[in-house]
Amino acid sequence: MNIILLGPPGAGKGTQATRLVDERGMKQLSTGDMLRAAVKAGTPVGLQAKAVMESGGLVSDEIVSGIIGEALDALDAGTGVIFDGYPRTEAQAHSLDALLADRGRTLDHVIELDVDEDALVERITGRFTCANCGEGYHDTFKQPKVAGVCDKCGSTEFKRRADDNEETVRTRMAEYRAKTAPILPIYEARGIVSRVDGMADMDDVTKAIMAILDRG
Ligand code: AP5
């Protein structure tokens, strides 16, 4: 099964994708995570992406579709994929169709996380992750069970993203409204879009997504 999690910054795409990886053995392909790894490693892609990401703009369609193609090639044919943060433009949606068709894969569900944008700024500016395993936390909504210690791997190192400040978040949201939300009709025409209340409790969001996947 191959699915897209769609929603504005802070909607919970990464949070829910991680849960599907743990519970369904699917593979999360997050273009944001892959680009951040490229920036950290100082690769040519990272050097091109760094300033764009810090401004809240979108990295070029060619770059992101290229890294998605490479990531798909590294997977077993039978491994289901969660696309997290991709596609984000109409051009990327068309590229994804071609990338999947070339590999004999089909897109089963597009799950839109329906959220209140005003609440997302608080979600994003309070977010931090384990520097070792990437487990996500939040200053208000999800603190580690033991303060300063990652629940999942025990690390005591945490990090915050460079683009998680209010000004950049507002730009990222504007980019979502202008370029990403308009791709939904492409998938609505195929009858594969489901909407989930992304403002609900994290566990309830997970249950709603699982119920959609269980429909087949
Ligand atoms: P990317 O990394 O994809 O960021 P994003 O889309 O802005 O999404 P986020 O990761 O901020 O949010 P999320 O929906 O994953 O929320 P999360 O689960 O963390 O992209 C970053 C940048 O890379 C882009 O701006 C762009 O420059 C570039 N880029 C990436 N992909 C690209 C592409 N395809 N094309 C071009 N450029 C691209 O949750 C947020 C917080 O809320 C967490 O703290 C979490 O604990 C909390 N939370 C989650 N769910 C709930 C809930 N139900 N209730 C309460 N709190 C919750």
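Note that ligands are numbered from 1 as they come in the structure, with each ligand's atoms numbered from 1 the same way.
Inspection of the S194 and R215 side chains reveals an N or O donor paired with an N or O acceptor under 3.5 Å.
Using a 4.0 Å heavy-atom cutoff, G7 is absent from the residues neighbouring ligand 1. Look at R36 and you'll find a heavy atom under 4.0 Å from some atom of ligand 1. Residue contact annotation: Y137 has a non-hydrogen atom under 4.0 Å from ligand 1. Note on ligand 1: K142 sits outside its first shell, no heavy atom being nearer than 4.0 Å. Under the 4.0 angstrom criterion for non-hydrogen atoms, S60 is not in contact with ligand 1.
With a heavy-atom cut-off of 4.0 Å, A200 touches ligand 1 through its backbone alone. At a heavy-atom cutoff of 4.0 Å, ligand 1 is contacted by the side chain of V64 but not by its backbone.
With respect to E117 and R177, a salt bridge is recorded, a charged nitrogen being found less than 4.0 Å from a carboxylate O.
Grouping Ile, Leu, Val, Met, Phe, Trp and Tyr by side-chain contacts under 4.5 Å, direct or through others, puts Y137 with F128, F158.
T15 OG1, 3.7 Å is the protein heavy atom nearest to atom 45 (C) of ligand 1. At the top of the distance list for atom 12 (O) of ligand 1, counting protein heavy atoms only, stands G10 N, 2.8 Å. In terms of protein heavy-atom proximity, atom 42 (O) of ligand 1 is closest to R123 CD, 3.2 Å. From the protein, the heavy atom lying nearest to atom 27 (O) of ligand 1 is G57 O, 2.5 Å. Annotation: atom 22 (C) of ligand 1 to nearest protein heavy atom, M53 CE, 3.9 Å. For atom 25 (O) of ligand 1, the nearest non-hydrogen atom of the protein is R172 CG, 3.6 Å. Atom 21 (C) of ligand 1 has its closest protein heavy atom at R161 NH2, 3.5 Å. Nearest protein heavy-atom neighbour of atom 35 (N) of ligand 1: Q92 NE2, 2.9 Å.
Hydrophobic clustering (side-chain heavy atoms under 4.5 Å, transitive across Ile, Leu, Val, Met, Phe, Trp, Tyr) groups V115 together with M173. By the criterion of side-chain heavy atoms lying less than 4.5 angstrom apart, applied directly or through intervening Ile, Leu, Val, Met, Phe, Trp or Tyr residues, M199 is not grouped with V196; the two fall into different hydrophobic clusters.
Here atom 48 (N) of ligand 1 lies nearest to M202 when heavy atoms of R127, E122, M202, E175 are compared. The option from V39, T31, L5, L35 that lies nearest to atom 29 (N) of ligand 1, judged by heavy atoms, is L35.
On a distance-only criterion, R88 and ligand 1 share at least one N/O pair closer than 3.5 Å. No N or O atom of Q16 sits closer than 3.5 Å to an N or O atom of ligand 1. Considering backbone and side-chain N/O of V59, one or more are found under 3.5 Å from N/O of ligand 1. Looking at I124 next to ligand 1, no N or O pair under 3.5 Å apart turns up. Residue-to-ligand polar distances keep V52 apart from ligand 1: every N/O pair is separated by 3.5 Å or more. Note: no N/O pair closer than 3.5 Å links D163 and ligand 1 by distance alone.
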Item to complete: Give the C-alpha distance, both sets of side-chain angles, the deciding distance and a yes or no for salt bridge (charged side-chain N to carboxylate O under 4.0 Å, His left out) between R127 and D139.
Response: CA-CA 6 Å; R127 167 172 65 182; D139 292 329; over 6 Å; no
Item to complete: Could you walk me through whether D22 and R19 pass the salt bridge (charged side-chain N to carboxylate O under 4.0 Å, His left out) test, one step at a time?
Response: CA-CA 5 Å; D22 290 345; R19 291 173 174 211; over 6 Å; no
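No more than 12 heavy-atom neighbours from other residues, nucleotides or ligands sit within 6.0 angstrom of CD on E90.
For the pair R123 (side chain) and A11 (backbone), a donor-acceptor distance under 3.5 Å is present. Although no hydrogens or angles enter the test, the distance criterion places no donor-acceptor pair under 3.5 Å between the side chain of E188 and the main chain of I183. Side-chain atoms of T43 do not come within 3.5 Å of backbone N or O of V39 as any donor-acceptor pair.
For the pair I82 and L5, the minimum side-chain heavy-atom distance is below 4.5 Å. With a 4.5 Å cut-off on side-chain heavy atoms, T15 and K13 do not count as touching. Contact check for T156 versus C150: no side-chain heavy atoms found under the 4.5 Å cut-off. Contact annotation: the side chain of Y187 approaches that of I4 to within less than 4.5 Å [non-hydrogen atoms, C-beta and beyond].
Ligand-side atoms of ligand 1 in range of G14: 13 (P), 15 (O), 18 (O), range being under 4.0 angstrom from any heavy atom. The P9 neighbourhood of ligand 1 comprises atoms 5 (P), 7 (O), 8 (O), 12 (O), with distances under 4.0 Å to a heavy atom of that residue. Listed by number with element, the atoms of ligand 1 under 4.0 Å from a non-hydrogen atom of A11 are 14 (O), 16 (O). The G198 neighbourhood of ligand 1 comprises atoms 53 (N), with distances under 4.0 Å to a heavy atom of that residue.
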If you look only at distance, which donor and acceptor atoms sit under 3.5 Å apart when one is on a side chain in residues 72-79 and the other is two or more places apart or in another chain?
from	atom 1	to	atom 2	distance (Å)
D73	OD1	R103	NE	2.7
D73	OD1	R103	NH2	3.1
D73	OD2	R103	NH2	3.2

